[in-house]
Novice: 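Handing you a structure now.
Throughout, protein chains are lettered first and strands after them, A, B, ... in sequence-line order, and every chain is numbered starting at 1. These numbers were taken from a predicted model, which means no experiment stands behind them.
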There are 2 protein chains.
Amino acid sequence: MIQNASFDIQDFLPYLLALSAEETSLGFQRLYKDKYGMLRTEWRLLFHLGRYGDMTAKDVCDRARLHKTKVSRAVTALEAKQFIKRTEVPSDRRHALLGLTRHGLKAYEDLSQAAQSYDARLMQEFSPEEQKTLKDYLKRVARL
Amino acid sequence: MIQNASFDIQDFLPYLLALSAEETSLGFQRLYKDKYGMLRTEWRLLFHLGRYGDMTAKDVCDRARLHKTKVSRAVTALEAKQFIKRTEVPSDRRHALLGLTRHGLKAYEDLSQAAQSYDARLMQEFSPEEQKTLKDYLKRVARL
DNA sequence: TCTTGTTAGTTACATTTTCAACTAATACCA
DNA sequence: TGGTATTAGTTGAAAATGTAACTAACAAGA
């Protein structure tokens, strides 16, 4: 059925990454979406605060590679859901420090655990060496 | 600055894939978006028709793993831009065969070439063996 | 041939994302 | 001190996506 052998889209890295990302994100989405009513950006924000501690929205933008409007809306949403709180910084009232509430911490711990299991499930088809290789390569591609 | 060492989001496969996909798709997006005014789904449709020959929208859904509404809209858009034409199948008037116009074929050839160069550029940091390994692993993750 | 079920594709609507413009606070510098 | 430039974050409108309901054509059995 192959017509033009010039270049196969199935070997195009951005396409392979897009398909893989779609394939793997759907399963995890159910966890944070159905259970906590979160959006992808909200989950990322939660994880960054949980893992790396309090930081400003700007820090989240840089670390999580998210646009400021996305972060701004995620902050509003997670604040409304009582997962995070913001504390104004008196020395520079332009930004506010974001941190998890007790409730947010619980959600983070639960989702973090779930992510770990889900990751293990996804990776079970790969040997430990392969797992390390795959993730190392992806970090290089993502410039992490 | 690390607070909770339980599980690092940077090692979570869906997250790594999402970042890598975003990182690599942006560069290519400029090509099909700015030059041809195409959307991601439209580019995928074009590539599938160019590479694998004429097929119905349903075939595209299955092969390209796209939802039928996305494909339906991409078909309408690419038809309006004169990149593809549809031919009704008399034996079953429910579906129509999609194929590239001369204009669409030129766009496909151009973009296919651009994709190849872009892919090479992305992969140049990897040795030939590493390139093969990375893509093989991704195909396994994506269940291709 | 009716009627029930399935399939291909479209349309409508709600949700998300993106983009650009905006406000408010601070920094820099003549 | 005053004026301009930056920076953090918000808001609104437009574009894109996802979901579900819909139409039209065909299939298959009573």
Novice: Just to verify, what does A:K81 make a salt bridge (charged side-chain N to carboxylate O under 4.0 Å, His left out) with, not counting sequence neighbours?
Specialist: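 Applying salt bridge (charged side-chain N to carboxylate O under 4.0 Å, His left out) to A:K81 gives A:E42.
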Novice: Mind jotting down which residue pairs meet the side chain to side chain donor-acceptor pair (under 3.5 Å) criterion with at least one end in residues 112-124 of chain A? Sequence neighbours excluded, please.
Specialist: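 Passing the test, one end in residues 112-124 of chain A: A:D119-A:K135.
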Novice: Got a list of protein N/O to nucleotides 13-20 of chain C N/O distances below 3.5 Å?
Specialist:
from   : atom 1 : to    : atom 2 : distance (Å)
C:dT18 : OP2    : A:K70 : NZ     : 3.1
C:dT18 : O4     : A:R73 : NH1    : 2.8

Novice: My understanding is that only residues two or more places apart in sequence, or in another chain, count here; which of them pass side-chain contact (heavy atoms from CB on, under 4.5 Å) with B:S127?
Specialist: B:E129, B:E130
Novice: Between the protein and nucleotides 1-4 of chain D, which nitrogen or oxygen pairs come in under 3.5 angstrom?
Specialist:
none

Novice: Please set out all donor-acceptor pairs under 3.5 angstrom arising from side-chain atoms of residues 26-40 of chain B, sequence neighbours excluded.
Specialist:
from  : atom 1 : to     : atom 2 : distance (Å)
B:K35 : NZ     : B:D110 : OD2    : 2.9
B:Y36 : OH     : B:D110 : OD2    : 2.5
B:R40 : NH2    : A:E22  : OE2    : 3.1

Novice: How would you list, by chain and number, every residue that makes a salt bridge (charged side-chain N to carboxylate O under 4.0 Å, His left out) with A:K70, sequence neighbours excluded?
Specialist: none
Novice: So, using salt bridge (charged side-chain N to carboxylate O under 4.0 Å, His left out) as the criterion, who are the partners of A:R143 when residues are at least two apart?
Specialist: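 Salt bridge (charged side-chain N to carboxylate O under 4.0 Å, His left out) check on A:R143 returns B:E23, B:E125.
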Novice: Tell me: CG of A:L26 to P of D:dG18, nearest whole Å?
Specialist: 9 Å
Novice: Within this structure, what is the NZ-to-C1' distance between B:K58 and C:dT10, rounded to whole angstrom?
Specialist: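 Rounded to the whole Å, the gap is 16 Å.
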Novice: Please list, chain by chain and in numerical order, all residues satisfying ring-ring contact (aromatic ring centres under 6.0 Å, His included) with A:F126, sequence neighbours excluded.
Specialist: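 With sequence neighbours excluded, A:F126 shows a ring-ring contact (aromatic ring centres under 6.0 Å, His included) to B:Y137, given in chain and number order.
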Novice: The criterion is salt bridge (charged side-chain N to carboxylate O under 4.0 Å, His left out); which residues satisfy it with B:R94, sequence neighbours excluded?
Specialist: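 Listed in chain order: B:D92.
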Novice: For C:dT10 and B:S72 - does any side-chain N or O of the residue sit under 4.0 Å from the phosphate oxygens OP1/OP2?
Specialist: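 Result: yes.
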Novice: Considering residues at least two apart in sequence or located in another chain, which fulfil the ring-ring contact (aromatic ring centres under 6.0 Å, His included) criterion with A:H67?
Specialist: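 None.
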Novice: Is a side-chain donor or acceptor of B:D59 paired with a backbone partner of B:T56 at a separation under 3.5 angstrom?
Specialist: yes
Novice: Hey, can you pull the residues of residues 74-96 of chain B with a non-hydrogen atom under 4.0 angstrom from DNA chain C?
Specialist: B:R86, B:R94, B:H95, B:A96
